[in-house]
Amino acid sequence: QVQLVESGGGLVQAGGSLRLSCAVSGRTFSNYIAGWFRQSPGKEREFVSAITWDSGSTVYADSMKGRITISRDNAKNTVYLQMNSLKPEDTAVYYCAADPNGYRSTRPRDFGSWGQGTQVTVSS
């Protein structure tokens with residue numbers, strides 16, 4: 001129902017910044033939630049951030065809180081993740097996901113649509 005395409009990943013030095021983008025298309029609902037997750041080899045997919053499409057309410061994982069900002073542009077149907085002060089441990093594949101039901105969950109299983117992921121590598 002919802003298609004998502006991430007972009008903006010790449011290689012950055014520790015302390016640097018990246019802005020990830022997620023283009024959203026297809027059927028969405030007024031209360032749907034767009035979220036970001038990340039996954040490193042051998043680790044479970046973990047929640048990073050989420051935003052409600054209607055009100056713009058945001059939530060952040062403690063591990064990155066204060067260093068990231070999630071936002072959305074309704075006109076462009078795009079959600080962004082601005083990441084600053086990046087650390088080597090932030091290295092992962094970052095995924096954009098959508099929950100059309102507005103469950104306000106941080107569990108991957110509750111997000112029905114996923115992008116292909118974009119690699120973020122932070123060097124020391």
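No experiment lies behind these values; they were computed from the predicted model shown.
For residues 27-45, the set of pairs meeting the salt bridge (charged side-chain N to carboxylate O under 4.0 Å, His left out) definition, not counting sequence neighbours, comprises Arg38-Glu46, Arg38-Asp90. Note on residues 73-92: no pairs pass ring-ring contact (aromatic ring centres under 6.0 Å, His included), not counting sequence neighbours. Within the structure, disulfide (SG to SG under 2.5 Å) contacts touching residues 84-124 (residues at least two apart or in different chains) are Cys22-Cys96. Evaluation of the salt bridge (charged side-chain N to carboxylate O under 4.0 Å, His left out) test over residues 3-18, restricted to residues two or more places apart or in two chains, returns none.
Residues Gly8 and Leu18 approach most closely at O-CD2, 3.8 Å, considering heavy atoms. Contact record, Ala34 with Ile70: O-CD1, 4.0 Å, taken as the closest heavy-atom pair.
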Step-by-step side-chain contact (heavy atoms from CB on, under 4.5 Å) determination, Val120 to Thr91
CA-CA 5 Å; Val120 172; Thr91 296; 5.9 Å; no

* To do: Run the numbers on Val5 and Gln116 for side-chain contact (heavy atoms from CB on, under 4.5 Å), then give the verdict.
  => CA-CA 7 Å; Val5 180; Gln116 81 288 347; 4.1 Å; yes

Stepwise side-chain hydrogen bond (donor to acceptor under 3.5 Å, both in side chains) test for Thr78 and Asp73
CA-CA 5 Å; Thr78 302; Asp73 188 327; over 6 Å; no

Where do Val48 and Tyr94 land on the side-chain contact (heavy atoms from CB on, under 4.5 Å) test, with the steps shown first? CA-CA 9 Å; Val48 173; Tyr94 284 72; 4.3 Å; yes

- Criterion side-chain contact (heavy atoms from CB on, under 4.5 Å) on Trp36 and Ile51, from CA distance to verdict: CA-CA 9 Å; Trp36 288 95; Ile51 185 169; over 6 Å; no

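No side-chain heavy atom of Val12 sits less than 4.5 Å from a side-chain heavy atom of Thr121. Side-chain contact check for Arg19 versus Leu81: every heavy-atom pair is 4.5 Å or farther apart. A heavy-atom distance below 4.5 Å is not found between the side chains of Ile68 and Asn84. A 4.5 Å side-chain heavy-atom check between Ser49 and Met64 finds every atom pair outside the cut-off.
For Asn101, there are no side-chain hydrogen bond (donor to acceptor under 3.5 Å, both in side chains) partners, not counting sequence neighbours. Judged as a salt bridge (charged side-chain N to carboxylate O under 4.0 Å, His left out), and not counting sequence neighbours, the contacts of Asp110 are Arg107. A search for ring pair (Phe, Tyr, Trp, His ring centres under 6.0 Å) contacts involving Tyr60 returns nothing, not counting sequence neighbours. Residues meeting the side-chain hydrogen bond (donor to acceptor under 3.5 Å, both in side chains) test with Ser57, sequence neighbours left out: none. With sequence neighbours left out, Ser55 forms a side-chain hydrogen bond (donor to acceptor under 3.5 Å, both in side chains) with Thr52. For the side-chain contact (heavy atoms from CB on, under 4.5 Å) test, residues two or more places apart in sequence or in another chain that qualify with Ser85 are Arg67. Annotation: side-chain hydrogen bond (donor to acceptor under 3.5 Å, both in side chains) contacts of Thr58 (sequence neighbours excluded): none.
One distance of note links CG of Leu4 with OG of Ser25; it measures 7.5 Å at 0.5 Å rounding. We find the CG-OG distance between Leu86 and Ser123 to be 10.5 Å, quoted to the nearest 0.5 Å.
Membership of the apolar cluster around Phe47 extends to Ile33, Phe37, Val59, Val93, Tyr95, Phe111, Trp114, as traced through chained side-chain contacts below 4.5 Å between ILVMFWY residues.
Judged by distance alone, with hydrogens and angles left aside, the side-chain atoms of Thr69 form no donor-acceptor pair with the main-chain N or O of Gln82 at under 3.5 Å.
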